[in-house]
Amino acid sequence: MSEQPKQLVAPTGTHDVLPDSSRAWERLVGTFSEMAHQWGFGLVLTPMFEDVAVFNRGIGEESDVARKEMYVFEDRGGRTLALRPEGTASVVRAFVQHQPTTPWKAWYVTPAFRYERPQAGRYRQHHQLGVEVLGTEDPFVDVEVIALAWRFFETIGLSQIRLMVNSMGHAECREAFVVSLRSHLSSQESNLCDEHAKSWSGNPLRVIDCKKRECRTVVDAGPSIADALCEECATHFKHVTDGLTAIGVPWERNVKLVRGFDYYTRTTFEFVSDALDGAQNAVGGGGRYDQLAEDLGGKPTAGVGFGSGIERLLLALQAEDSLRFEKLRDASIDVFVVDTTGGQEALQICDLLRRNGFAADRAFDGRSMKSQLKAADRSGARIALLVGPQELEAGTITIRDLRATDEGNRQKLVPRSELVNVVREAIETSMN
RNA sequence: GUGGGCGUAGCUCAGCUGGUUAGAGCGCCGCGCUGUGGCCGCGGAGGUCACGGGUUCAAGUCCCGCCGUCCACCCCA
């Protein structure tokens with residue numbers, strides 16, 4: 001006697017998306033794809049894993065993501081690879097490798113992997129969609145990238161979103177700011193929270209978005225990035241915010257907005273949902289990364305982009321109660337074919353309908369008519385086509401309106417040769 | 001990585017201070033209606049009470065471990 005094999009389940013922090021909820025995914029990704037094309041972006045697909053250096057040099061070896069969250073492994077050829085923890089680095093690596101003409105406008109949708117302790121809205125595999133523009137430092141591009149994200153959120157029905165923007169300045173402004181921040185923090189070390197009192201010098205910028213009161217007091221009294229910007233960077237930032245204002249995208253400046261990846265220069269931004277609480281309220285973010293292409297071994301090339309987490313967007317939609325799954329499901333099937341003669345008729349009728357552009361489904365296993373009609377009801381189909389021995393004999397089909405209420409006038413016998421036209425007509429009238 | 005809550009049917013959950021064959025609603029299958037869904041009535045299938053140890057005459061219930069999940073921190077999407 002062998003034991004029953006142990007049931008296997010999805011790994012910690014991962015999840016299956018089944019047809020009920022995947023309708024919402026299709027809608028999000030479909031909408032984004034359409035909008036990205038409207039904005040002039042082309043789809044880019046890059047490998048899910050890369051040489052680990054792509055991410056170490058990209059997001060910074062000092063960042064938490066690179067230090068302790070990456071899935072790093074060695075393949076059979078001894079190469080050290082990593083599953084992608086975010087979207088941007090791979091796209092920029094592809095740009096550097098292929099040197100397309102600029103400006104290069106790319107959009108993507110991809111899973112991202114981080115070894116984290118899972119909780120609501122945070123997974124070991126999550127999914128991001130986003131865009132990148134390489135080859136121009138024109139502030140209008142920053143505006144376009146932010147605007148695309150904003151309009152996308154509007155289109156899918158999110159209303160409680162706030163956009164926060166900031167500028168880190170270019171490499172020199174940023175470096176000068178880090179120096180003055182460092183000296184401020186070192187003089188205030190004893191006033192920082194327990195953790196940052198020890199760790200501030202590794203990455204002083206991290207202290208800026210610490211939520212502890214002690215750190216906030218120290219930070220508020222210290223230098224502001226806003227004052228550290230050179231004239232060019234200040235002007236660049238003003239063009240970005242003026243551009244947003246010009247097209248009616250509301251923004252607020254947040255001088256403490258310091259994002260987790262080291263590659264950001266100048267513009268940074270983040271979208272938060274007020275419908276989600278605290279910890280996981282960021283639904284998207286991004287910024288400019290004018291050094292990144294060079295860091296990955298390419299020619300100096302400016303870039304800017306944003307990424308948004310699909311799971312977070314769905315949580316935010318749910319929190320705003322903007323998701324209507326029922327409606328999405330109703331849209332699926334036009335016709336359900338009921339065949340009590342063995343199934344051969346349903347095979348041919350479904351094929352005919354599908355070739356003519358209808359969404360058709362049927363039952364299997366030779367069930368009773370009653371049971372098949374029950375399945376028809378569940379499918380959400382507008383109409384059912386019934387074929388039993390009588391119809392088969394007479395070369396006819398019974399068409400039944402599954403939504404009508406007057407029992408006397410809801411089904412009729414039609415010649416099989418007229419099927420496609422009759423179905424088309426029935427669907428048109430039942431749509432009204 | 002640190003701290004806490006929770007794991008009982010496919011789903012949502014009940015199960016009092018340990019005590020016979022572990023329940024409900026929804027869903028699923030069937031019958032009432034032997035060719036007609038949705039509503040209603042009746043019936044049925046489905047559980048090693050997450051898993052592994054321990055205490056006890058007796059554990060879903062108490063203890064320990066483990067895994068999973070949720071929450072907070074951290075970080076982020």
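Predicted model only: the values in this text are computed from it and were never measured. Numbered from 1 within each chain, the chains take letters A, B, ... in sequence-line order.
The base of B/A77 sits within donor-acceptor range of the side chain of A/Glu116, with an N or O pair under 3.5 Å. For A/Gln411 against B/U36, a side-chain-to-base donor-acceptor contact under 3.5 Å is present. The base of B/A77 has none of its N or O atoms less than 3.5 Å from a complementary donor or acceptor on the side chain of A/Arg122. Not a single donor-acceptor contact under 3.5 angstrom links the side-chain atoms of A/Arg378 to the base of B/C28.
Regarding contacts with the backbone of B/G35, every side-chain N or O of A/Gln390 stays at 4.0 angstrom or more from both OP1 and OP2. An OP1 or OP2 oxygen of B/G68 is reached within less than 4.0 angstrom by a side-chain nitrogen or oxygen of A/Thr12. For B/G35, neither phosphate oxygen OP1 nor OP2 lies less than 4.0 angstrom from any side-chain nitrogen or oxygen of A/Thr398.
Of the residues near RNA chain B, A/Lys68 and A/Arg117, the one whose nearest nucleotide (by heavy atom distance) lies more toward the 5' end is A/Arg117. Heavy-atom nearest nucleotides on RNA chain B were determined for A/Glu69 and for A/Leu373, and the one closer to the 5' end corresponds to A/Leu373.
Comparing atom distances between the A/Arg400 side chain and each of B/G30, B/G38, B/A77 picks out B/G38 as nearest. Closest approach to the A/Arg367 side chain among B/A77, B/A72, B/C29 is made by B/C29 (side chain taken as heavy atoms from C-beta onward).
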Can you give the donor-acceptor pairs under 3.5 Å from side chains of residues 41-60 of chain A to other protein atoms, not counting sequence neighbours?
from: A/Thr46; atom 1: OG1; to: A/Arg84; atom 2: NH2; distance (Å): 2.3
from: A/Glu50; atom 1: OE1; to: A/Arg93; atom 2: NE; distance (Å): 2.9
from: A/Glu50; atom 1: OE1; to: A/Arg93; atom 2: NH2; distance (Å): 3.4
from: A/Glu50; atom 1: OE2; to: A/Ser90; atom 2: OG; distance (Å): 3.4
from: A/Glu50; atom 1: OE2; to: A/Arg93; atom 2: NE; distance (Å): 3.4
from: A/Glu50; atom 1: OE2; to: A/Arg93; atom 2: NH2; distance (Å): 2.8
from: A/Asp51; atom 1: OD1; to: A/Ala53; atom 2: N; distance (Å): 2.9
from: A/Arg57; atom 1: NE; to: A/Asp295; atom 2: O; distance (Å): 3.2
from: A/Arg57; atom 1: NH2; to: A/Asp295; atom 2: O; distance (Å): 3.3

- Each base of RNA chain B marked ( ) or [ ] if paired in-strand (Watson-Crick or G-U under 3.5 Å), | if paired to another strand and . if unpaired gives (((((((..((((.....[...)))).(((((.......)))))......((((..]....)))).)))))))....
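With both ends at atom C1', the span from B/C29 to B/G65 equals 41 Å, rounded to whole Å. Look at the C1' atom in both B/C74 and B/C28: the space between them is 45 Å, to the nearest Å. Rounded to whole Å, the P atom of B/G25 lies 13 Å from the corresponding atom of B/G44. B/U8 sits 14 Å from B/U69 when the P atoms are compared, rounded to a whole Å. Separating the P atom of B/A45 from that of B/G10 is a span of 15 Å, rounded to the nearest Å. For the P atoms, the distance linking B/C67 with B/G27 amounts to 38 Å, nearest Å. Separating the P atom of B/C40 from that of B/A72 is a span of 40 Å, rounded to the nearest Å. When the P atom is compared between B/G15 and B/G54, the two are found 29 Å apart, to the nearest whole Å.
Annotation: A/Glu34, atom CD; neighbour count of heavy atoms from other residues, nucleotides and ligands within 6.0 Å does not exceed 12. Annotation: A/Glu69, atom CD; neighbour count of heavy atoms from other residues, nucleotides and ligands within 6.0 Å is above 12. Around the CD atom of A/Glu26, the shell of radius 6.0 Å holds more than 12 heavy atoms that belong to other residues, nucleotides or ligands.
Regarding A/Lys370, its NZ atom lies at a distance of 11 Å from the C1' atom of B/G38, rounded to whole Å. In this structure, A/Asp377 atom CG and B/C28 atom P are separated by 10 Å, rounded to whole Å. Remark: P of B/C40 and NZ of A/Lys374 are 11 Å apart, rounded to the nearest angstrom. Distance CD1 (A/Ile59) to C1' (B/A77): 13 Å, rounded to an integer number of Å.
Ion pairing of A/Asp339 with A/Arg362 is absent here, as no side-chain N (NZ or NE/NH1/NH2) approaches a carboxylate O to less than 4.0 Å. Under 4.0 Å is where a charged nitrogen must lie from a carboxylate oxygen, and between A/Asp220 and A/Lys256 at least one such pair does.
The aromatic ring of A/His127 does not stack onto the base of B/A77, failing the criterion of a centre distance under 5.5 Å from the six-membered base ring together with planes under 30° apart.
Taking the ring centre of A/Tyr115 as origin, the terminal cationic atom of A/Arg124 falls inside the region bounded by 6.0 Å and 45° from the ring axis.
Looking at heavy-atom distances under 4.0 Å, A/Ser308 makes no contact with the nucleic acid at all. Among the atoms of the strands shown, none is found under 4.0 Å from any heavy atom of A/Glu311. Across all strands, A/Glu270 comes closer than 4.0 Å to no nucleic acid atom at all (heavy-atom distances). A/Gly286 comes within contact range of no nucleotide atom at all, as no heavy-atom separation falls under 4.0 Å. Using a 4.0 Å heavy-atom criterion, one finds that A/Ser368 contacts no nucleic acid atom at all.
Residues A/Ser379 and A/Asp361 have side chains that never bring a donor and an acceptor to within less than 3.5 angstrom of each other.
Scored by the salt bridge (charged side-chain N to carboxylate O under 4.0 Å, His left out) test, A/Glu175 finds no partners at all (sequence neighbours excluded).
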